[in-house]
Amino acid sequence: MAGVRLSGPAGRWLVFTTVLGSAMALLDSTVVNVALPRIGLDLGADLPVLQWTVNAYMLTLAGLILLGGALGDRFGRRRVFVTGVVWFSLASLACGLAPNAGVLIAARALQGIGGALLTPGSLALIQSVIHHDDRARAIGLWSGFGGIGAAIGPFLGGWLVDGPGWRWVFFINVPLAAVCVPVALRHVPETRNPRAHGRFDVLGALLGAATLGLVTYALIAAPQKGASPAVVVPAVAGLALGVIFVLVERRRREPMLPLSIFSSHQFSAVNAVTLCVYAAFGGFFFLSVLDLQVVVGYSALAAGTALLPTTTLMLLLSARSGELGKRIGPRIPLTVGPLLCAAGMLLMTRAGVGAVYWRDILPALLVLGMGMVVVVAPLTATVLASVDVARAGLASGVNNAAARAAGLIAVAALPLLAGMGPEAYRSADAFGDTFRRAMPICAGVLVLGAILAWRTVRSDALEQVGEEVGAEAVAGAPAGAVAAARTERGEGGVPAERAEGAVRPEGLLCRPECAYHCGVAAPPLDPGDLPAPPPLDPDEKRSGT
């Protein structure tokens, strides 16, 4: 079977259920931040609890998202996707029913595991099931509706917090899952990767998560406990486990994170820029929602609505930004974008007591939003273009996980660097002072990202040499040898400095399929423009396909 056509009922049901499933995770990345002050008040929690409410979810999600994609390839993408949706909804129910902060944090960690299962699976289902001729349109619908969901997330979260209460920020996932799961089981066919084999790198996933967890714990505990053994020991243990993680991944036959992918200098450079950009984003959106409510005095609904300009700009303009990056190259957008974001965060220091939205807050968010528009789409495109087709999904997953890990560390470290005490968010004056110290730190990290981009990202990184390489490969010559030979001869317009990047065994460069980039927590997972999907599993086809 060649694939499901988008014009048929099965194709429409597939897009519907994948949008609905991925929307759960997208909404969670935005709505929970809006609820944090109310959660702290209701549970009598201090700032470290609010940090862990965000970070427990990001910790398990970032640590396991690569493993989640591998599980789908092996055991069935629909099966793992449905499992993730059910897991996520049950963990969300536990979050909403949490009687205290400890239960809430534990449930948030479980929620992240569900997110690691369903997030890679939603787009993978479209890639593997939809007919190749319809895939671009299907992914456009998926990313467009996902962008709308991300844009309305803060507004929805504020409305729920001010209305039925913060617990409904989590309860809302249950009815979404109740619709998503039956539709997926009834209308979505099962697919697997027939080449997926070998053992899963569970040890690597656990070591990666433990490294992030211990370092995060040390950073969050430091303001209260200082340089005590309770902070130093976890910090040292986390760094040691990080070294062990690298050694394990280097020696495993089938690692979760093949370190060879970083042999591409361009891929490594873009991920370094990603770390800077999304660390700043993570810290900004965590603290700005608190500032708008604690210092400026907004309700949860007003605070959520106030942030709409950033995601709205990304929804409207990110596709055009991607096209601009193709025309002028990624170096300028990846340099200018972070600088615009840095300027927006510096302007946000005006959001103090008595701030007027149109004068003090909106200009900062518009500048920040334009910077995000400029940087995110070219960043995704450059990540995909820096690897061969066969590693597109892995490259996107690594980039996504790196961004989430950066946000995780930023949420843990920024209050420490800004001097925020455990009770700072309960006082408008105290939080306002530390917020004004935190924003220049975020801006400085963005400036560092801009410098890295200017010095390391090539202007020609998005040039499509794949067609000429692939044509000769089909004629019988290995694509990598063709590229190297052309480089050596100076033919085909491939400069010598691109010799390493041009050696692509599959002979094709990847382009992003997702045109709308609205997630503020991480770049979109995007497997790139892969070849036509393989036939569906004949034993798992469902009616209506």
| Atom pair CZ (Arg108) and CG (Asn55), whose distance is rounded to the nearest 0.5 Å | 9.5 Å
| Can you tell me how far CG of Leu317 sits from CG of Leu324, rounded to the nearest 0.5 angstrom? | 11.0 Å
| Distance (rounded to the nearest 0.5 Å) between Leu292 CG and Asn33 CG | 11.5 Å
| query | Do Leu362 and Pro309 come close enough that some side-chain heavy atom pair is under 4.5 Å? | reply | yes
| Nearest non-hydrogen partners of Gln266 and Arg458, listed with the distance | OE1-N, 2.8 Å
| remark: Closest non-hydrogen atoms of Met420 and Pro223, given as atom of the first, atom of the second and distance, are O-CB, 4.0 Å
| Ring geometry between Phe285 and Phe281 (parallel below 30°, tilted from 30 to 60°, perpendicular above 60°) | perpendicular
| said: If you apply the rule side-chain contact (heavy atoms from CB on, under 4.5 Å), what do you find for Ser396 with Thr380, and how did you get there? | reply: CA-CA 8 Å; Ser396 180; Thr380 301; 5.7 Å; no
| request: Under the side-chain contact (heavy atoms from CB on, under 4.5 Å) rule, what do Phe284 and Leu414 come out as? Steps first, then yes or no, please. | output: CA-CA 9 Å; Phe284 174 82; Leu414 194 56; over 6 Å; no
| task | Take Phe267 and Val398 through the test side-chain contact (heavy atoms from CB on, under 4.5 Å) and record every step on the way to the result. | result | CA-CA 10 Å; Phe267 180 77; Val398 170; 3.9 Å; yes
| Can you find a heavy atom in the side chain of Pro415 that is under 4.5 Å from one in the side chain of Thr434? | no
| field | Gly112 to Thr60 - nearest heavy-atom pair and separation | value | CA-OG1, 3.1 Å
| request: Decide yes or no on side-chain contact (heavy atoms from CB on, under 4.5 Å) for Val277 and Cys341, but give the supporting numbers first. | output: CA-CA 9 Å; Val277 167; Cys341 292; over 6 Å; no
| From Leu239 CG over to Leu214 CG, what is the distance, rounded to the nearest 0.5 angstrom? | 9.5 Å
| said: Quick one, Pro37 and Leu290 - any side-chain contact, counting heavy atoms below 4.5 Å? | reply: yes
| query | Rounded to the nearest 0.5 Å, what separation is found between the CD1 atom of Ile409 and the CG atom of Leu212? | reply | 5.5 Å
| query | Can you list the residues that meet the side chain to side chain donor-acceptor pair (under 3.5 Å) rule with Arg404, with sequence neighbours excluded? | reply | Asn400
| said: Are Leu340 and Leu368 packed together at the side-chain level, in the sense that at least one heavy-atom pair is separated by less than 4.5 angstrom? | reply: no
| message | Counting C-beta onward and ignoring hydrogens, is there a side-chain heavy-atom pair between Leu257 and Phe262 closer than 4.5 Å? | response | yes
| Do any pairs count as a side-chain hydrogen bond (donor to acceptor under 3.5 Å, both in side chains) and have a residue in residues 343-362, sequence neighbours left out, and if so which ones? | Arg350-Asp360
| Counting heavy atoms not belonging to Arg437, are there more than 12 under 6.0 Å from its CZ? | yes
| task | Please name the pair of heavy atoms, one in Met348 and one in Ala364, separated by the smallest distance, quoted to 0.1 Å. | result | N-CB, 3.6 Å
| By ring pair (Phe, Tyr, Trp, His ring centres under 6.0 Å) - contacts of Tyr425 (at least two apart) | none
| Side chains of Asp201 and Glu249 in contact at under 4.5 Å (non-hydrogen atoms) | yes
| remark: When rounded to the nearest 0.5 Å, the distance separating CG of Leu347 from CG of Leu365 is 9.5 Å
| said: Donor-acceptor check, side chain of Ser264 to backbone of Ser386, threshold 3.5 angstrom: yes or no? | reply: yes
| Any donor-acceptor N/O pair, Ser122 side chain to Thr119 backbone, under 3.5 Å | yes
| query | What pair of heavy atoms forms the shortest contact from Gly238 to Thr211, and how long is it? | reply | O-CG2, 3.3 Å
| message | How close do Leu66 and Gly397 get, counting heavy atoms only, and between which atoms? | response | CD2-C, 3.5 Å
| message | Any non-hydrogen side-chain atom of Leu36 less than 4.5 Å from a side-chain atom of Phe286? | response | yes
| query | Heavy atoms, side chains only, cut-off 4.5 Å: are Phe155 and Val34 in contact? | reply | no
| field | Salt-bridge criterion met for Lys326 and Glu323 (N-O under 4.0 Å) | value | yes
